[in-house]
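Reminder, nothing fancy here: chain letters follow the sequence lines and each chain counts from 1. Below, each value reflects all heavy atoms present in this structure, side chains not excepted, and no hydrogens, waters or symmetry copies.
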2 protein chains.
Amino acid sequence: MKARVNVDERGRRTASDACLEPCSIERGMRVIGGKWTGSIIYHLKDGPVRFNDLVRMLGGASKKMIDQRLKELEARNMVTRTVISERPIAVNYALTDFGRSALKILDDLRIWSESNNIT
Amino acid sequence: MKARVNVDERGRRTASDACLEPCSIERGMRVIGGKWTGSIIYHLKDGPVRFNDLVRMLGGASKKMIDQRLKELEARNMVTRTVISERPIAVNYALTDFGRSALKILDDLRIWSESNNIT
DNA sequence: TGCAAAGGTAACCAAAAGGTAACTGGTTGT
DNA sequence: ACAACCAGTTACCTTTTGGTTACCTTTGCA
C-alpha cells in the first residue's frame with residue numbers, strides 16, 4: 001500500500017507498487033464487508049445467539065443470507081457453531097477470538113455512520 | 001442496534017428493536033465497502049491524485065470501476081473533482097474532510113487485514 | 001505525420017448475488 | 001389432530017455487478 005506515481009524527465013508517468021489485484025483493504029472488506037456480514041458479527045458481540053434469533057434480530061435479511069454468511073464466517077474461524085441440544089434442536093453461534101478482533105472496526109464504523117447520518 | 005430477543009412465559013421468542021432493513025453498520029458498509037471504494041479513499045490520503053494515476057495505482061481495477069466509484073464518492077461529498085488545467089487536461093481528485101474522516105476505519109481495517117494475513 | 005497521453009463514455013456480455021417461497025423432519029404444545 | 005418452532009435446504013427468478021473492448025476529443029512530442 002505504498003503505491004506512488006513516478007514521473008520521468010520526459011513527463012512519463014508510471015506507478016510503482018501498484019495494487020495488482022486486491023490489496024489489504026480490499027481483502028479485509030471481502031471478509032467483513034459482505035452484505036449483512038458486519039451486522040451478524042456485531043449482533044454476536046454480547047454472547048452466543050441462536051439461528052432463528054439472529055433471523056429475528058436482522059429483520060431485513062433472509063434466512064438464506066444469514067445461513068450463507070454464518071457458513072463463511074465459520075469457515076474463516078470467526079464464528080463457532082455449537083449444537084446445544086437435540087430434542088428441540090438448538091444451535092448457538094458465537095464469536096471466536098478472531099471474530100471478536102473485528103468488533104472494534106465495526107463499532108467505529110457504526111459510530112461513524114451514525115454521527116454522519118449515512119443514509 | 002440494541003436488538004434483543006425476549007422470551008415470554010410460554011417460551012415464545014420475539015425480537016425487539018430488530019434491524020428492519022439496513023442498520024448503521026450495513027449503511028456504512030454500503031458507503032465504504034463497495035468494490036475498490038476503500039482502496040480509492042486510502043490512496044487519496046496523501047493528497048490529490050489524478051485520474052489516470054489512480055488507475056495506475058489500482059492495478060486490478062478498471063477505469064470504469066474507478067470512474068464509477070469516484071462519482072459515488074463525489075456525490076457523497078467524500079471526494080472533490082478539480083480540473084487543474086485545460087491545455088493538457090488534468091483532473092485532480094482529493095478527499096474532503098468528510099472523506100478523510102473515514103481514513104481511520106480504513107487504516108484499522110488494513111492493519112487488521114495484514115496482521116491476520118487475510119487472503 | 002502519426003502516435004501517445006489525458007479523462008473519460010458507450011455498448012455488450014457473463015457471472016454472481018440476493019430475494020421469495022415452499023419444503024424437510026423432528027418435537028412440542030393445546 | 002393441528003399448529004408452531006427448531007434449523008436449515010432447495011428451486012426459481014430477477015437484479016446488480018463488473019469485466020472487456022472500443023471510441024472520443026484535445027494537446028504535445030519526435
Within residues 67-110 of chain A or reaching into it, pairs that qualify as ring pair (Phe, Tyr, Trp, His ring centres under 6.0 Å) - sequence neighbours excluded: A:Phe98-B:Trp112
Test of understanding: with salt bridge (charged side-chain N to carboxylate O under 4.0 Å, His left out), list the residues that count as partners of [X], not counting sequence neighbours.
X: B:Arg81; answer: none
X: A:Asp107; answer: A:Arg110
X: A:Arg76; answer: none

Atom-to-atom span, [atom1] of [X] to [atom2] of [N] - whole angstrom:
X: B:Ile66; N: D:dG19; atom1: CD1; atom2: P; result: 10 Å
X: B:Ile40; N: D:dG18; atom1: CD1; atom2: C1'; result: 13 Å
X: B:Asn52; N: C:dA6; atom1: CG; atom2: P; result: 5 Å
X: A:Asp53; N: D:dG8; atom1: CG; atom2: C1'; result: 15 Å
X: A:Tyr93; N: D:dC6; atom1: OH; atom2: P; result: 14 Å
X: B:Ile84; N: D:dT26; atom1: CD1; atom2: P; result: 20 Å
X: B:Asp67; N: D:dG19; atom1: CG; atom2: P; result: 14 Å

Per-nucleotide protein contact string for nucleotides 14-24 of chain C (B base, S sugar-phosphate only, - none; heavy atom under 4.0 Å): ----BBB----
DNA chain C: 5'-proximal contact among A:Ile89 and B:Lys71 (nearest heavy atom): B:Lys71
Derivation of the salt bridge (charged side-chain N to carboxylate O under 4.0 Å, His left out) call for A:Arg69 and A:Glu72: CA-CA 5 Å; A:Arg69 295 311 184 205; A:Glu72 292 170 11; 2.9 Å; yes
Residue pairs passing the side-chain hydrogen bond (donor to acceptor under 3.5 Å, both in side chains) test where at least one lies in residues 44-53 of chain B, sequence neighbours excluded: A:Arg13-B:Asp53, B:Asp53-B:Arg56
